[in-house]
There are 2 protein chains.
Amino acid sequence: MAKREDEPAREVLDAVPAVMRFIRAQMRGHRALGLGVPQFRTLVYIERTGGTSLGGVADHLGLTPPSACKLVDGLVGRGLVTRGESAEDRRRLTLEITPEGARAMAAARGETQRSLSRILGALDDEELRSVTRAMTALKCAFAEERSPANGNHRA
Amino acid sequence: MAKREDEPAREVLDAVPAVMRFIRAQMRGHRALGLGVPQFRTLVYIERTGGTSLGGVADHLGLTPPSACKLVDGLVGRGLVTRGESAEDRRRLTLEITPEGARAMAAARGETQRSLSRILGALDDEELRSVTRAMTALKCAFAEERSPANGNHRA
DNA sequence: TATTGTTATACTCTATAACTATA
DNA sequence: TATAGTTATAGAGTATAACAATA
């Protein structure tokens, strides 16, 4: 029994990996400090929250604590993030972005967005509007999937 | 100078990694033989072309030959693909999907599409139409990026 | 000499299991 | 005992560089 959301699902599975591969290549390849996508997202999150913990990063990215730990390790090792102790609870980390981190993040975002823009320039106005609407809707749908405690819905 | 494609580009960079993370988790996590996304795409391509070479896989996925080689290695090791020599040109491989490979591929696709459908079920009809249109447009735009010889446009 | 694929090596990303330190 | 984070280990996925075999 085909549902109205089946065709969109098929299309998503077809298109998203291709777009992702492009984003990844841009992120890694584009000059200077090649940031991976998860590194980039971690920087964005740490900057936005200012002083988040390791657990915060893990939750936000949907990672296990060891994965988040290694990810942050890499960023600290490259001087893009500082890892400090919290005063009240000495188990807890206080992660902050450094000026170089902020610079690297902005550079990576700019480069990647410019590359995406270049490609999207081939689309007509109606297609561009569809892309914006679709991305907004997908962000909502998949954001709600991670926040409410679950991790993978009804496991 | 902001162009009409800049906002869509920003949204793509925001939404696509989140969706991709979900797809990846479904692919890997869902029962039996957990296929990774690139493994899945490789199976799809090998089945579709029937007897493609390593270079064909590398081009299609946008990978370097060593990466494609390792990817195929894994699939051969798990009995999902056979690697034979070509009769005319003995440097060239002839890759074929096995029955188990076809089964694994179909299972992974079904599971993942069902999971995606479940999430997309939360969207209204207008949003679903936008998703379908957007994915079709993105597929075209990013497919043309890889085929015409380049790999990364004006490098 | 050019093309096809492979091996060696290395790095990122991710997970599970076992551990430490603090609460 | 429970929580925050780390270390150890392992495997997928990717790249570059150096190589082998074939054309």
(request) For the residue pair B:F142 and A:F22, categorise the inter-ring angle as parallel (less than 30°), tilted (30 to 60°) or perpendicular (more than 60°). (result)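 Correct class here is perpendicular.
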Looking at [N], does its base get a donor-acceptor pair with the side chain of [X] below 3.5 Å?
X: B:R90; N: D:dT22; result: no
X: B:K70; N: C:dT6; result: no
X: A:R91; N: C:dT22; result: yes

(message) Return whichever of A:P38 or B:T94 has its heavy-atom-nearest nucleotide of DNA chain C closer to the 5' end.
(response) B:T94
(message) For a 4.5 angstrom cut-off between non-hydrogen side-chain atoms, does A:T98 reach A:V81?
(response)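 A side-chain contact is absent here, since even the closest heavy-atom pair is not under 4.5 Å.
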Spacing between [X] atom [atom1] and [N] atom [atom2], to the nearest angstrom:
X: B:L61; N: D:dA15; atom1: CG; atom2: C1'; answer: 15 Å
X: A:L54; N: C:dT20; atom1: CG; atom2: P; answer: 19 Å
X: A:R28; N: C:dC13; atom1: CZ; atom2: C1'; answer: 11 Å
X: B:Q39; N: D:dT14; atom1: CD; atom2: P; answer: 10 Å
X: A:R78; N: C:dC11; atom1: CZ; atom2: C1'; answer: 10 Å
X: B:R24; N: D:dG11; atom1: CZ; atom2: C1'; answer: 14 Å
X: B:R83; N: C:dT4; atom1: CZ; atom2: P; answer: 17 Å
X: B:D89; N: D:dA20; atom1: CG; atom2: P; answer: 19 Å

(request) Quick one: label B:E88 by what it contacts on the DNA or RNA (base, sugar-phosphate, nothing), any heavy atom closer than 4.0 Å. (result)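 Contact class for B:E88: sugar-phosphate only.
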(request) Would you indicate, yes or no, if D:dA4 has its OP1 or OP2 atom less than 4.0 angstrom from a side-chain nitrogen or oxygen of A:S53? (result)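 False: A:S53 side-chain N/O out of range (4.0 Å or more) of D:dA4 OP1/OP2.
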(message) Can you see if the side chain of A:T64 gets near the phosphate of C:dA15 - specifically, an N or O under 4.0 Å from OP1 or OP2?
(response)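 So the side chain of A:T64 is within the cut-off, an N or O lying under 4.0 Å from OP1 or OP2 of C:dA15.
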Taking the basic N atoms (NZ, or NE/NH1/NH2) and the acidic carboxylate oxygens, is any pair closer than 4.0 Å for [X] and [Y]?
X: B:R114; Y: A:D6; result: no
X: B:E126; Y: A:R133; result: yes
X: B:E11; Y: A:K139; result: yes

(message) I want to confirm an ordering. Mapping A:R92 and B:E85 to their closest nucleotides on DNA chain D, which one lands closer to the 5' end?
(response)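 Result: A:R92.
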